[in-house]
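Because only heavy atoms are used, hydrogens play no part in the values below, and waters and symmetry mates are left out as well, while side chains stay in. Quick note on labels: first sequence line is chain A, next is B, and so on, each numbered from 1.
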Protein chains: 2
Amino acid sequence: MIGYDVGMLTKSGQPRGHSGPGHSVTNPDGSQGQDDDSEGRPAAGEARPGSAPRDRKRRVSMADVAKLAGVSSQTVSRVSNGSPDVIEVTRQQVISAMNELGYRPNSAARALKRGSFRTIGVILFSLSSIGNVRTLEAIALHAATKDFAITLIPVTAPTQAEVQGAFSRMGELAVDGVIAIMEIHLLDAATVSVPPGVKVVVVDSNAGETYSVVDTDQADGAHKAVEHLLELGHQTVWHVAGPEESFASGRRQQAWRETLLAHGKEVPPVVRGDWSAESGYEAGLWLAGQEGCTAVFTANDHMALGVLRAFREKGKAVPEDISLVGFDDVPEASSYSPPLTTVHQDFAQVGHRCVDDVLRQIRSNSTEPGMTLVPTNLVVRQSTAAPRDIDVSA
Amino acid sequence: MIGYDVGMLTKSGQPRGHSGPGHSVTNPDGSQGQDDDSEGRPAAGEARPGSAPRDRKRRVSMADVAKLAGVSSQTVSRVSNGSPDVIEVTRQQVISAMNELGYRPNSAARALKRGSFRTIGVILFSLSSIGNVRTLEAIALHAATKDFAITLIPVTAPTQAEVQGAFSRMGELAVDGVIAIMEIHLLDAATVSVPPGVKVVVVDSNAGETYSVVDTDQADGAHKAVEHLLELGHQTVWHVAGPEESFASGRRQQAWRETLLAHGKEVPPVVRGDWSAESGYEAGLWLAGQEGCTAVFTANDHMALGVLRAFREKGKAVPEDISLVGFDDVPEASSYSPPLTTVHQDFAQVGHRCVDDVLRQIRSNSTEPGMTLVPTNLVVRQSTAAPRDIDVSA
DNA sequence: GTAATAAGTGTTTACGTAAACATGATTGGG
DNA sequence: CCCAATCATGTTTACGTAAACACTTATTAC
């Protein structure tokens with residue numbers, strides 16, 4: 001995966017000439033080109049004798065293509081939309097006219113006529129969490145395969161007002177459906193009104209009864225993490241939770257607690273962080289001083305990183321003195337010291353399902369909610385082991 | 001920043017007992033086959049034979065509002081666009097009619113008429129790098145303040161064909177300008193043709209003479225990193241570079257080399273990684289075995305994380321045995337062990353400038369390229385120190 | 001051979017908005 | 001008091017596309 005490139009600074013910049021002339025449709029500064037049309041177009045906006053180099057050359061429309069190809073604009077439309085009712089010869093004429101003029105369908109007009117934009121809006125508060133980013137990426141990629149575009153609707157602050165604002169802008173935005181990625185519980189149907197007919201899917205929230213929800217199976221993941229530690233022989237498992245406002249955090253914490261109780265274990269006090277590595281560090285400092293703490297489950301990997309640092313500074317070895325499990329499986333988790341045992345979230349899957357669900361709603365023109373939980377799996381690395389004083393080998 | 005929620009486990013996990021009854025759960029391996037569907041192209045629409053409770057209530061249009069308010073639709077348009085030429089009484093009538101009917105402007109029609117969508121397209125290959133993500137976030141936020149929306153145009157593979165495809169889709173996409181975030185040098189003007197009139201800004205590439213470019217001042221950052229290590233008294237600085245295709249990597253490497261040469265230092269062989277922590281780990285294993293290696297500059301923080309792990313495993317202490325500097329200043333860098341000295345990139349600034357530049361081009365209707373370099377600054381933490389055998393205190 | 005289809009293409013129209021132009025009402029200067 | 005200027009509003013039109021329908025031919029059915 002890595003190579004040694006001794007001293008090689010040869011300005012390797014240029015990726016093979018690839019000059020291939022072939023088909024230079026457009027000169028970026030293209031003063032001219034654009035052939036056709038020298039025969040005076042009725043609109044004649046060109047006049048502008050004075051300075052003003054407005055090269056506001058009207059875009060090529062179907063009518064232009066139709067004229068060149070010697071057909072009606074409706075036929076051009078049919079070709080453009082792949083209608084089977086066009087004879088091959090005509091189709092070729094139209095296509096070559098399209099190429100000659102560099103025709104591109106105008107999506108505004110198309111959307112106006114069709115009443116659909118083939119676009120999905122994604123509302124998100126922040127891209128600072130790995131999960132949001134990966135989910136967004138998956139959404140974008142999957143939507144692209146369905147020929148849908150993605151419009152981003154950032155929300156600057158996680159307040160009711162902001163979210164409400166984002167939703168009400170929906171109505172006027174060029175969007176057929178909406179995916180809201182919110183890790184905060186702001187989506188009470190009571191307080192946020194969505195324009196009628198807008199299809200919504202929510203990631204990670206409590207809006208389950210009003211809108212479709214897609215999410216990682218948080219409880220399942222936390223359960224697996226805790227079970228793993230208990231099976232190794234730990235008496236109980238401590239927990240570094242995420243911020244209180246986060247639903248994901250809440251669900252992980254709840255599952256952690258329930259799993260402990262189900263095994264008849266004591267439930268230690270919760271340490272609460274804010275997802276950041278820094279807060280994990282502080283939590284770790286405190287945990288390192290707790291008697292009998294041999295196993296810790298942190299609600300995400302970044303906090304686990306902070307915990308690791310704190311433990312190292314306090315002379316606690318991982319996993320010899322304390323075992324640690326994270327959540328997320330960020331790409332770097334395998335390079336922590338030691339490599340982190342963690343719960344892998346399949347964000348790609350989450351994004352995929354989101355798109356499928358909005359498209360389902362758009363197709364069926366209904367807003368009937370569904371719920372999808374994407375399973376997790378535990379990735380065991382080297383940050384967990386049996387506790388010192390217990391022998392489970394027997 | 002973190003609070004101790006001691007013992008407070010009493011149901012605190014479950015914010016508002018929202019355990020949600022009812023509500024069908026769709027199994028991930030979804031029996032609901034509706035996946036790969038026939039959605040591809042809208043060849044034949046709907047067909048919907050029987051019932052079809054299409055509540056296709058035509059959307060409220062200006063005409064409806066006009067009728068209710070007893071004015072012409074043009075007056076509604078004026079109110080909608082904040083024209084000053086409407087008398088207050090009339091304006092209020094229109095506004096209340098709007099509210100009553102729940103009118104929202106139709107952006108398709110608006111765009112068709114205006115020839116502008118107030119939308120910026122962002123082409124990106126991947127969201128896996130921190131920089132891209134943070135830049136995108138900044139772009140989205142800043143564009144929002146300018147009342148522009150963001151459309152995502154993901155490119156699945158960093159090939160010429162893909163990028164070309166993305167650009168030619170531009171023409172038909174509802175986009176007034178484009179920001180391309182590409183860390184790969186694929187944007188030769190010769191091979192990629194942009195539809196005429198499309199305003200382009202490129203982040204991190206070599207397209208400087210054709211398109212506007214905005215980027216972090218990579219050379220400056222690398223220079224600062226190397227200078228810092230040399231000032232501490234190290235004889236030279238080793239380098240873990242990013243992948244060869246990356247321009248950012250190339251510039252950092254080049255600046256590293258030039259700085260060493262400027263100080264008359266020897267230039268050690270380059271170790272090449274691929275940005276991942278894993279590749280950093282491998283690089284670190286190799287570096288740990290090199291005689292005289294006391295200072296390392298890695299081209300990003302994640303690789304530095306891997307290097308740290310390798311050094312720890314090889315018994316090399318940081319910074320006592322080897323000093324280490326990263327690049328990016330990811331949020332967790334301060335929680336590495338030890339906290340990492342690194343070059344901070346101001347991605348927010350980069351995104352901000354991108355938007356400003358596209359908007360400039362859109363406003364002036366020119367595509368005249370500009371170039372903006374955003375300065376970096378070195379964040380000194382605890383991974384760097386003077387080498388063992390040198391005394392710089394004098 | 002004629003009627004009934006079907007296939008391929010053209011014509012008309014509507015989508016919702018806003019620019020350009022037109023109208024009617026008010027004002028003010030001489 | 002009239003003409004011009006200004007203001008507030010109405011009317012017409014065009015933006016580019018695609019649905020609905022109309023119109024030719026060719027093909028098939030009898």
Side-chain angles (χ1 to χ4, degrees), chain A residues 41-45 47 54 56-67 69-94 97-98 101-118 171-174, chain B residues 41-48 54 56-67 69-94 97-98 101-118 171-174:
Chain A
R41 162 178 297 297
R54 300 156 99 14
R56 186 171 279 315
K57 45 183 60 173
R58 247 165 72 311
R59 277 192 43 175
V60 184
S61 80
M62 278 190 167
D64 304 315
V65 176
K67 192 153 75 177
V71 299
S72 77
S73 62
Q74 180 54 31
T75 298
V76 178
S77 169
R78 282 191 260 258
V79 172
S80 177
N81 291 310
S83 158
D85 294 337
V86 182
I87 205 171
E88 195 51 31
V89 191
T90 313
R91 182 189 307 279
Q92 286 310 326
Q93 277 174 359
V94 172
M98 282 177 170
L101 297 178
Y103 168 78
R104 301 280 162 206
N106 176 316
S107 58
R110 185 172 274 191
L112 173 59
K113 198 71 184 72
R114 289 216 208 119
S116 150
F117 295 89
R118 293 193 82 77
E172 67 182 277
L173 268 176
Chain B
R41 270 284 158 195
E46 300 303 282
R48 286 236 167 269
R54 295 164 140 297
R56 189 171 275 316
K57 44 184 66 171
R58 248 166 70 310
R59 275 192 44 175
V60 186
S61 79
M62 278 191 166
D64 303 317
V65 176
K67 192 153 77 177
V71 299
S72 76
S73 61
Q74 181 54 31
T75 298
V76 178
S77 168
R78 282 190 260 259
V79 171
S80 177
N81 291 310
S83 158
D85 293 338
V86 182
I87 204 171
E88 194 52 30
V89 192
T90 314
R91 183 189 306 279
Q92 287 310 325
Q93 277 175 358
V94 172
M98 281 177 170
L101 297 177
Y103 168 78
R104 300 277 163 207
N106 176 317
S107 58
R110 182 172 280 191
L112 174 59
K113 197 72 184 74
R114 285 210 274 234
S116 154
F117 267 96
R118 291 194 80 78
E172 68 182 278
L173 268 177

To the nearest Å, give me how far apart [atom1] ([X]) and [atom2] ([N]) are.
| X | N | atom1 | atom2 | answer |
| --- | --- | --- | --- | --- |
| A/Lys113 | D/dG16 | NZ | P | 16 Å |
| B/Gln92 | D/dT9 | CD | C1' | 17 Å |
| A/Arg114 | D/dG16 | CZ | P | 17 Å |
| B/Met62 | D/dT9 | CE | P | 15 Å |
| B/Arg104 | C/dT17 | CZ | C1' | 17 Å |
| B/Phe117 | C/dT17 | CZ | P | 14 Å |
| A/Arg110 | C/dG16 | CZ | P | 18 Å |
| B/Asp85 | C/dA20 | CG | C1' | 14 Å |

Can you identify which nucleotide, out of [options], has its nearest atom closest to the [X] side chain?
| X | options | value |
| --- | --- | --- |
| B/Ile87 | D/dA8, D/dT17, C/dT17 | D/dA8 |
| B/Thr90 | C/dT17, D/dT9, D/dT17 | D/dT9 |
| B/Tyr103 | D/dG16, C/dT9, C/dT17 | C/dT17 |

Report task. Let me know, please, whether B/Ala63 or A/Arg91 comes out on the 5' side of the other along DNA chain C by nearest nucleotide. Result -> A/Arg91
Query raised in the report: Within a strict 4.5 Å, meaning less than it, do heavy atoms of the A/Ser107 and A/Phe117 side chains meet?
Result: no
Determine the minimum heavy-atom distance between [X] and [Y], stating which atoms define it.
| X | Y | result |
| --- | --- | --- |
| B/Leu112 | A/Ala109 | CD1-CB, 3.7 Å |
| A/Val60 | A/Leu101 | CG2-O, 3.4 Å |
| A/Val65 | A/Val94 | CG1-O, 4.0 Å |

**Report entry** Residue closer to the 5' end of DNA chain D, B/Val89 versus B/Ala109 (nearest nucleotide)
**Finding:** B/Val89
Query raised in the report: When rounded to the nearest 0.5 angstrom, what is the spacing between CE in A/Met98 and CD in A/Gln93?
Result: 12.5 Å
Query - Straight-line distance of B/Lys67 NZ to B/Ser72 OG, nearest 0.5 Å - result: 14.5 Å
Report task. Can you sort out which residues in residues 71-78 of chain B have a heavy atom within less than 4.0 Å of DNA chain C? Ascending by number, please. Result -> B/Gln74, B/Ser77
**Report entry** Sugar-phosphate only, base, or nothing, as touched by A/Leu112 at under 4.0 Å among non-hydrogen atoms
**Finding:** base
Query raised in the report: With respect to the phosphate group of C/dA18, does any side-chain polar atom (N or O) of B/Asn81 fall under 4.0 Å of OP1 or OP2?
Result: yes
If you look only at distance, which donor and acceptor atoms sit under 3.5 Å apart when one is on a side chain in residues 80-89 of chain B and the other is two or more places apart or in another chain?
residue: B/Ser80; atom: OG; partner: B/Arg110; partner atom: NH2; Å: 3.0
residue: B/Asn81; atom: ND2; partner: B/Ser77; partner atom: O; Å: 3.2
residue: B/Ser83; atom: OG; partner: B/Asp85; partner atom: N; Å: 3.1
residue: B/Glu88; atom: OE2; partner: B/Gln92; partner atom: NE2; Å: 3.0

